[in-house]
J.: 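Could you have a look at this structure, given as structure tokens, before my questions?
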Amino acid sequence: MYDYDLLVVGSANADLVIGVERRPAAGETVLGSDLAVHPGGKGANQAVAAARLGARTALLARIGDDAYGRLLLDSQRAAGVDTVGVLVGGAPTGIALITVDPSGDNSIVVSPGANGRLTPEDVRAAAGLFHASRVVSAQLEIPLETVVEVVRSLAPGSRFVLNPSPPRPLPAEVLAACDPLIVNEHEARVILGVVDGGATDDGGATVGDLPEDWARGLLAKGPKSVVVTLGRQGALVASAEGVERVAAVKVDAVDTTGAGDSFTAALAWKLGTGSSLPEAAAYAARVGAVAVTRRGAQESFPTAAEVEAR
């Protein structure tokens, strides 16, 4: 019997958000709205999103001993996340600087801060959390060597979900553990590598330039399954059983900040309850669709009842 439906290992940031009429070009200054401060970070976001949906959730992360760190702890606890794995100290809390334009699209710059001090030793010290968790989710706003240690610490029978954001080449050991690897279009291209006329894998074989081609190319790198999110075009899921499209949920987006995190959290939780990958992705698309109709990251994440009501 698992104590947790989901253990999230990842980043915890304070999001400093400014609304802009348009995002600035290189060398350009634009005026924006008043500054808003929200709890964020891909790891903390996923933990809150899952807990809001009803998942028994724990977070393994590192924050600073400062006001932003206290903001993050308060938001986790208010959502019902177990913060026994949240470590304090070593550096200031991570910060994300976010601009959001009128269409809801955002640009983000992250200062990792304490997230960069979440070490493999911290993961090994949290062995009890891993053995108590049905699904483990991670991202790449923490050191890659820490993610490698997460893979090595997985309990027998548990499932590993990775959103490689910000994207970078991944070791074969990490790719082989992913079930699924969740990427957007940009992340897929980075992990595959891009050449004229398509993408190329490590052996130089050309992969096509359609999302289905990216999914198959990523599967060839070793993950057990792959999910490619396509924004307003929905998503697709790929495994040894084939590639399947998942329809988007049509909404009027006001802010996409954190939407990918809510999608990943919902999908990871549903997989742990026994849903198939297409079923989990369809539910996650509904969760993400609710989130983009609200401003902010964690405050935009819906409860299960709100998802069912749409």
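Quick caveat, the model's predicted, so the values are computed rather than measured.
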J.: Applying a strict under-4.5 Å side-chain criterion to I, L, V, M, F, W and Y, I'd like to know whether V136 and V151 cluster together.
T.: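 Yes, V136 and V151 fall within the same hydrophobic cluster.
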J.: Please confirm whether the backbone N or O of E173 pairs with a side-chain atom of R152, one donor and one acceptor, at under 3.5 Å?
T.: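 No, because the side chain of R152 does not come within donor-acceptor range (under 3.5 Å) of the backbone of E173.
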J.: Quick one, R70 and D65 - any side-chain contact, counting heavy atoms below 4.5 Å?
T.: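 They are in contact (side-chain heavy atoms under 4.5 Å apart), so the answer is yes.
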J.: Count the heavy atoms belonging to other residues, nucleotides or ligands that lie under 6.0 Å from CD of E21, then report whether that count exceeds 12.
T.: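 Open.
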J.: Would you confirm whether R62, through its side chain, and R117, through its main-chain N or O, come within 3.5 Å as a donor-acceptor pair?
T.: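 Indeed, once roles are kept as given, a pair shorter than 3.5 Å links the two residues.
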J.: Are R56 and D5 close enough for a salt bridge, meaning some N to O gap below 4.0 Å?
T.: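 Result for this pair is yes, salt bridge flagged.
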J.: With rounding to the nearest 0.5 Å, note down the distance linking CD1 in I182 to OG in S165.
T.: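 The CD1 atom of I182 sits 11.5 Å away from the OG atom of S165.
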J.: Counting N and O atoms only, with roles assigned by atom type, does the side chain of E141 sit under 3.5 Å from a partner on the main chain of K42, one being a donor and the other an acceptor?
T.: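 Pair found, side chain donor or acceptor close to backbone of K42.
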J.: State plainly whether the residues E149 and R124 are in salt-bridge range, i.e. N to O under 4.0 Å.
T.: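 Yes, charged N to carboxylate O under 4.0 Å.
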J.: Hey, what do you get for OG (S225) to CG (L271), rounding to the nearest 0.5 Å?
T.: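 With rounding to 0.5 Å, OG (S225) is 7.5 Å from CG (L271).
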J.: Should the heavy atoms of other residues, nucleotides or ligands under 6.0 Å from CD of E241 be counted, would the total exceed 12?
T.: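 Atom CD in E241 is not packed in, count stays at 12 or less.
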J.: Has the side chain of R286 got a donor or acceptor atom that lies under 3.5 Å from a matching backbone atom of A282?
T.: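 Checked: no pair found.
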J.: Taking atom types as modelled, find out whether T119 and D122 have a side-chain donor-acceptor pair closer than 3.5 angstrom.
T.: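 Side-chain D/A pair, T119 to D122: present.
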J.: Output yes when a side-chain donor or acceptor of S33 lies under 3.5 Å from a complementary backbone atom of G19, and no otherwise.
T.: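 Side chain of S33 to backbone of G19: a pair is present.
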J.: What is the minimum heavy-atom distance between G217 and L192, and which atoms define it?
T.: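 Residues G217 and L192, closest heavy atoms: C-CD2, 3.6 Å.
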J.: Any chance you could measure Q139, atom CD, to D261, atom CG, to the nearest 0.5 Å?
T.: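 The CD atom of Q139 sits 7.0 Å away from the CG atom of D261.
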J.: Which value, rounded to the nearest 0.5 Å, describes the distance between L35 atom CG and L16 atom CG?
T.: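 Reported value, rounded in 0.5 Å steps: 5.5 Å.
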J.: So do the side chains of Q46 and T57 get within less than 4.5 Å of each other, counting heavy atoms only?
T.: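 Contact flag for Q46/T57 side chains = no.
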J.: Answer yes if the side chains of T83 and Q76 hold a donor-acceptor pair under 3.5 Å, and no otherwise.
T.: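 Their side chains do not contain a donor-acceptor pair, so the 3.5 Å distance test is not met.
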J.: Does S300 reach the main-chain N or O of R294 with its side chain, forming a donor-acceptor pair under 3.5 Å?
T.: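 No, because the side chain of S300 does not come within donor-acceptor range (under 3.5 Å) of the backbone of R294.
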J.: Quick check: does any side chain N or O of E187 sit under 3.5 Å from a backbone N or O of N184, one acting as donor and the other as acceptor?
T.: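 Pair found, side chain donor or acceptor close to backbone of N184.
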J.: Donor-acceptor check, side chain of D15 to backbone of V17, threshold 3.5 angstrom: yes or no?
T.: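 Side chain of D15 to backbone of V17: no pair is present.
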J.: Say you draw a straight line from CZ of F160 to CG of D179; how long is it, rounded to the nearest 0.5 Å?
T.: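 Spacing of CZ (F160) from CG (D179) equals 10.5 Å.
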J.: Could you give the distance from NE2 (H38) to OG (S75), rounded to the nearest 0.5 Å?
T.: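 One gets 12.0 Å once the value is rounded to the nearest 0.5 Å.
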J.: Between F130 and V9, is a side-chain contact (heavy atoms from CB on, under 4.5 Å) present by the stated rule, with each step listed?
T.: CA-CA 10 Å; F130 285 87; V9 185; 4.0 Å; yes
J.: With side chains defined as the heavy atoms from C-beta onward, is the minimum distance between P180 and V226 less than 4.5 Å?
T.: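 Counting from C-beta outward, P180 and V226 never come under 4.5 Å.
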J.: If I compare all heavy atoms of I108 with all of A96, which pair ends up nearest, and what's the gap?
T.: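 What the structure gives for the nearest pair is CG2-CB, 4.1 Å.
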